[in-house]
Amino acid sequence: MSSSNKPRTLYDKIWDDHVVSDLGAGSALIYIDRHLVHEVTSPQAFDGLRLNHRQPWRLAANLAVPDHNVPTVDRAKGIKDPISRAQLDALDANCAEFGITKFDLMDRRQGIVHVIGPEQGATLPGMTVVCGDSHTSTHGAFGALAFGIGTSEVEHALATQTLVLKKARTMLVRVKGHVGPGVTAKDITLAIIGRIGTAGGTGHVIEYAGEAIEDLSMEGRMTLCNMAIEGGARAGLVAVDDKTIAYVKGRPYAPKAEHWDAAVAYWKTLKSDAGAAFDAVVEIDAAGIQPQVTWGTSPEMVLPVGAAVPNPADEADPVKRNGMEKALAYMGLKAGTPIEKIAIDKVFIGSCTNSRIEDMRAAAAVVKGRKKAANVKLAMVVPGSGLVKEQAEAEGLDQIFRDAGFEWREPGCSMCLAMNADRLEPGERCASTSNRNFEGRQGAGGRTHLVSPAMAAAAGIAGHFVDVRSF
Amino acid sequence: MRAFTVVSSKIAPLDRPNVDTDAIIPKQYLKSIRRTGFGPFLFDDWRYLDAGDLEIDPATRRVNPDFVLNKAEHQGAQILIARDNFGCGSSREHAVWALDDYGFRAVIAPSYADIFFSNCFKNGVLPVVLKPEEVQAIFDGVARNPDAQFTIDLPAQQVKLPCGNAFSFEIDAGRKHNLVEGLDEIGLTLKNADAIRAYEARRAQQAPWLFAS
Ligand code: SF4
């Protein structure tokens with residue numbers, strides 16, 4: 001706890017409450033409350049434990065689930081690819097050997113690690129949450145300090161329940177006023193990245209504030225914080241409010257009755273003090289944010305749907321111009337083409353950015369009673385967890401998607417990174433609700449345009465990008 | 001961990017900003033459950049003309065003759081230089097493992113993404129931050145003479161140029177110490193085991209719900 005009365009940011013408060021020992025020069029040994037584990041970045045960490053005869057420090061802090069490399073169809077038949085199967089087997093064996101709780105592939109609670117953490121109440125306000133995955137920033141929506149780590153840090157967190165961290169700088173992103181109809185959390189987060197750039201938040205923790213952020217549901221705040229890393233910030237944060245507390249209440253890992261009131265009292269302190277100083281402040285007018293579409297190979301290459309593909313010749317900075325030329329060549333796009341004239345081959349609705357129930361509902365509302373365009377070869381909807389899938393099915397959303405010619409799949413990361421069989425073929429163009437449009441991200445040679453679920457759904461119906469507000 | 005003190009080598013120039021970890025090591029290789037063997041797949045999509053996978057022998061693939069690392073003059077370089085925001089994207093430590101396995105001991109760039117930067121230090125790979133104009137000067141120097149030898153001296157915090165000049169760089173004192181000495185960070189942290197237990201006891205009083213199960 002801090003001894004001084006200086007106004008503190010939310011980040012300062014969580015940091016102060018987790019310092020095990022001060023290591024000087026701005027570094028500290030920081031306690032980790034929750035460690036989420038998945039199959040891709042953990043096997044080498046468990047090997048490290050074995051090699052050094054170490055045990056996990058606190059088993060109950062860990063929760064494991066396979067997600068990156070799981071099939072989204074015919075799951076009961078098992079995994080065909082022997083290498084993928086070996087990775088899932090390794091997670092099973094490691095969790096069994098060390099005694100870590102794991103949701104199996106066939107468990108109804110299985111899903112993308114960043115969907116199930118909050119869904120289970122395993123992510124709580126004020127916690128430090130880590131996972132060997134950069135989109136751990138998602139959990140910051142709960143006023144938790146959550147960030148991605150590499151495999152060596154996975155091993156460090158397992159063995160010591162701590163990490164050696166250098167305190168980050170802070171950036172306040174204030175989104176003032178209210179967004180218009182048809183503009184979602186995804187559009188807000190993309191517009192912020194368009195403004196600050198993919199390295200704008202490097203070395204910082206971003207706190208999102210302002211009316212437009214307060215307006216967002218918890219699902220929307222997760223979408224927002226999910227892409228903090230795409231703006232270079234290892235973590236994003238939103239202050240705790242009544243929506244946060246209502247979301248957490250009653251979830252399996254949430255505090256039980258005897259601790260509930262004390263927990264809520266503590267959580268209500270989890271906001272930046274009036275007058276707390278940030279190292280950087282960015283202000284954005286919510287009313288000016290339009291539905292966004294990326295046109296290039298970096299999330300900062302983003303424009304409102306009504307714009308046209310930019311011309312590298314207009315860029316003065318030679319390094320940037322060169323990057324734009326490479327991006328347009330890779331994307332197979334010509335400068336000046338209106339974004340609404342770009343035809344697509346596939347639609348992917350899913351990923352830890354946009355696979356929660358609200359995202360499913362938003363996409364279903366657009367496709368309801370309509371049919372997928374003939375030029376769209378595949379439109380797939382991949383719910384973020386088994387529980388999201390059940391909920392969506394209970395609401396009849398799966399049938400709406402199927403009737404429109406969209407495929408309804410089993411939960412996992414799927415075509416967000418295309419480690420499993422779901423991928424783009426070279427040259428294929430995709431309207432995707434995921435978070436990265438890097439070269440080859442969704443399959444070698446594949447071309448990704450990042451959009452909101454409603455925009456992806458509308459593109460699937462129209463066959464090209466359209467402004468969902470006039471659709 | 002392997003120590004890093006002084007490395008002398010020519011430099012391979014990768015003239016791109018925002019080199020992301022998907023480009024450094026594509027996802028199909030993340031199915032491996034090992035820490036080694038990623039070198040042949042470093043920059044896979046740029047380095048080869050055909051698609052690769054863990055099952056495909058890299059020796060049988062079509063090499064892209066235009067990619068800079070495939071040029072004869074850059075073979076054997078132990079230092080890579082690139083532009084801003086190197087290592088952005090995913091947390092995959094496989095990116096550092098691939099650079100290391102390929103033979104790179106250090107990277108020079110004007111800036112790095114945070115997670116990649118931190119991952120380097122856990123693997124004895126040094127990410128050197130130089131000013132953009134210094135990075136440009138090195139790119140120019142390598143273009144004039146690809147065989148020019150540079151020396152990264154970590155104890156002195158300097159990149160020594162062939163002409164005799166040197167660029168100084170900043171580095172966190174703790175990270176430098178661990179790298180120069182080749183220390184195991186987990187072993188060091190476990191020396192604080194009593195402090196960790198004391199923290200847990202204190203925290204369990206303040207926030208008992210965090211320790212309820
Ligand atoms: S959905 Fe995509 S970004 Fe999210 S954890 Fe999975 S692979 Fe990573």
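For the numbers below, each heavy atom of this structure counts, side chains included, while hydrogens, waters and symmetry mates do not. Letters go in sequence order (proteins before strands), and every chain restarts at 1. Every value quoted in this text rests on a predicted model; they were computed, and no experiment measured them.
- Chain A is approached within less than 4.5 Å, heavy atom to heavy atom, by Glu93(B), His94(B), Trp97(B) from residues 93-100 of chain B, ordered by number.
- Only the side chain of Asp184(B) has a heavy atom closer than 4.5 Å to any heavy atom of chain A.
- Atom CD of Glu55(B) is surrounded by more than 12 heavy atoms from other residues, nucleotides or ligands within 6.0 Å.
- The contact between Ile83(A) and chain B is made by backbone and side chain atoms together, counting heavy-atom distances below 4.5 Å.
- If you measure heavy-atom distances from Tyr112(B) to chain A, the contacts under 4.5 Å come from the backbone alone.
- Within the 4.5 angstrom heavy-atom criterion, only side-chain atoms of Thr162(A), from C-beta onward, approach chain B.
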Contacts table for residues 255-262 of chain A: side-chain donor-acceptor under 3.5 angstrom, sequence neighbours left out:
| residue | atom | partner | partner atom | Å |
| --- | --- | --- | --- | --- |
| Lys256(A) | NZ | Pro252(A) | O | 3.0 |
| Lys256(A) | NZ | Ala254(A) | O | 3.4 |

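- With a 4.5 Å cut-off on non-hydrogen atoms, Ser32(B) touches chain A through its backbone but not through its side chain.
- Per-residue heavy-atom pair counts under 4.5 Å with chain B were compared for Pro82(A), Ser27(A), Ala418(A), and the maximum is reached by Ala418(A).
- Residues Ile229(A) and Gly89(B) share a closest heavy-atom pair of CG1-O, 4.3 Å.
- In terms of non-hydrogen atom pairs under 4.5 Å with chain B, the most contact-rich of Gly150(A), Gly132(A), Pro43(A) is Gly150(A).
- In this structure, CD1 in Ile115(B) is found 7.5 Å from OG1 in Thr136(A), a value given to the nearest 0.5 Å.
- With rounding to the nearest 0.5 angstrom, the CZ atom of Arg203(B) is 4.5 Å from the NE2 atom of His18(A).
- With sequence neighbours left out, Asn145(B) forms a side chain to side chain donor-acceptor pair (under 3.5 Å) with no residue at all.
- Each of Ser84(A), Ala25(A), Gly201(A), Ala168(A) has some count of heavy-atom pairs under 4.5 Å with chain B, and the biggest count is that of Ser84(A).
- Heavy atoms closer than 4.5 Å to chain A are found nowhere in Asp44(B), neither backbone nor side chain.
- Of the two parts of Asn123(B), only the side chain, counted from C-beta on, holds a non-hydrogen atom closer than 4.5 Å to a non-hydrogen atom of chain A.
- Ranked by heavy-atom pairs under 4.5 Å with chain B, the list Glu230(A), Glu153(A), Arg423(A) is led by Glu153(A).
- Looking at Arg83(B) and Asp317(A), no side-chain N of the basic residue comes within less than 4.0 Å of a carboxylate O on the acidic one, giving no salt bridge.
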For the pair Trp57(A) and Leu190(B), evaluate side-chain contact (heavy atoms from CB on, under 4.5 Å) and give the outcome as yes or no after the intermediate values.
CA-CA 10 Å; Trp57(A) 181 275; Leu190(B) 285 172; 4.0 Å; yes
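- With respect to Arg35(B) and Asp47(A), no salt bridge is recorded, no charged nitrogen being found less than 4.0 Å from a carboxylate O.
- Atom CD in Gln44(A) sits 9.5 Å away from atom OG1 in Thr36(B) (nearest 0.5 Å).
- Here the CZ atom belonging to Phe211(B) is positioned 4.5 Å from the CZ atom belonging to Arg58(A), to the nearest 0.5 angstrom.
- Considering only heavy-atom pairs separated by less than 4.5 Å from chain A, the leading option among Gln28(B), Arg202(B), Arg34(B) is Arg34(B).
- Across all non-hydrogen atoms, the minimal contact from Asn18(B) to Glu300(A) is ND2-OE2, 4.0 Å.
- If you measure heavy-atom distances from Val19(A) to chain B, the contacts under 4.5 Å come from the backbone alone.
- Counting heavy atoms of neighbouring residues, nucleotides and ligands inside a 6.0 Å radius, atom CD of Glu133(B) exceeds 12 of them.
- Ranking Ile196(B), Asn192(B), Asp84(B), Leu188(B) against chain A, the residue ahead of the rest is Ile196(B), based on heavy-atom pairs under 4.5 Å.
- Between chain B and the options Leu88(A), Asn52(A), Val40(A), Leu163(A), the largest number of non-hydrogen pairs under 4.5 Å is found for Val40(A).
- When side chains are defined from C-beta on, Cys88(B) does not count as touching Thr198(A), because their heavy atoms never get closer than 4.5 Å.
- For a residue to count as touching a neighbouring chain, one of its non-hydrogen atoms must lie under 4.5 Å from one of that chain's; by this rule Ala90(A) touches chain B with the side chain only.
- No donor-acceptor pair closer than 3.5 Å links the side chain of Asp114(B) to the backbone N or O of Thr202(A).
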Salt bridge (Lys or Arg N to Asp or Glu O under 4.0 Å) evaluation trace for Asp81(A) with Lys31(B)
CA-CA 10 Å; Asp81(A) 173 8; Lys31(B) 293 179 188 175; 2.8 Å; yes
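- For Phe438(A), there are no ring-ring contact (aromatic ring centres under 6.0 Å, His included) partners at least two apart in sequence or on another chain.
- Here Leu417(A) contributes atom CG and Arg92(B) contributes atom CZ; the two are 6.5 Å apart, rounded to the nearest 0.5 Å.
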So Leu124(A) and Trp209(B), side-chain contact (heavy atoms from CB on, under 4.5 Å) or not? Walk me through it.
CA-CA 10 Å; Leu124(A) 295 174; Trp209(B) 62 90; 4.1 Å; yes
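- Between the side chains of Gln206(B) and Tyr266(A), no donor N or O sits under 3.5 Å from an acceptor N or O.
- With a threshold of 4.5 angstrom between heavy atoms, Lys320(A) does not approach chain B through any atom at all.
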Kindly determine whether Ser90(B) and Arg436(A) satisfy side-chain contact (heavy atoms from CB on, under 4.5 Å), including the steps that lead there.
CA-CA 9 Å; Ser90(B) 94; Arg436(A) 289 195 172 127; 3.4 Å; yes
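- The distance from atom CD1 of Ile186(B) to atom CG of Leu158(A), rounded to the nearest 0.5 Å, is 8.5 Å.
- Listed options Arg441(A), Arg234(A), His156(A), Lys326(A) were ranked by heavy-atom pairs under 4.5 angstrom with chain B; first place goes to His156(A).
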Kindly determine whether Asp45(B) and Glu439(A) satisfy side-chain contact (heavy atoms from CB on, under 4.5 Å), including the steps that lead there.
CA-CA 9 Å; Asp45(B) 287 353; Glu439(A) 287 185 21; 5.7 Å; no
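- Using a 4.5 Å cut-off between heavy atoms, Ala173(B) does not touch chain A at all.
- Counting heavy-atom pairs closer than 4.5 Å to chain A, the top-ranked of the candidates Asn119(B), Asp20(B), Asn85(B) is Asp20(B).
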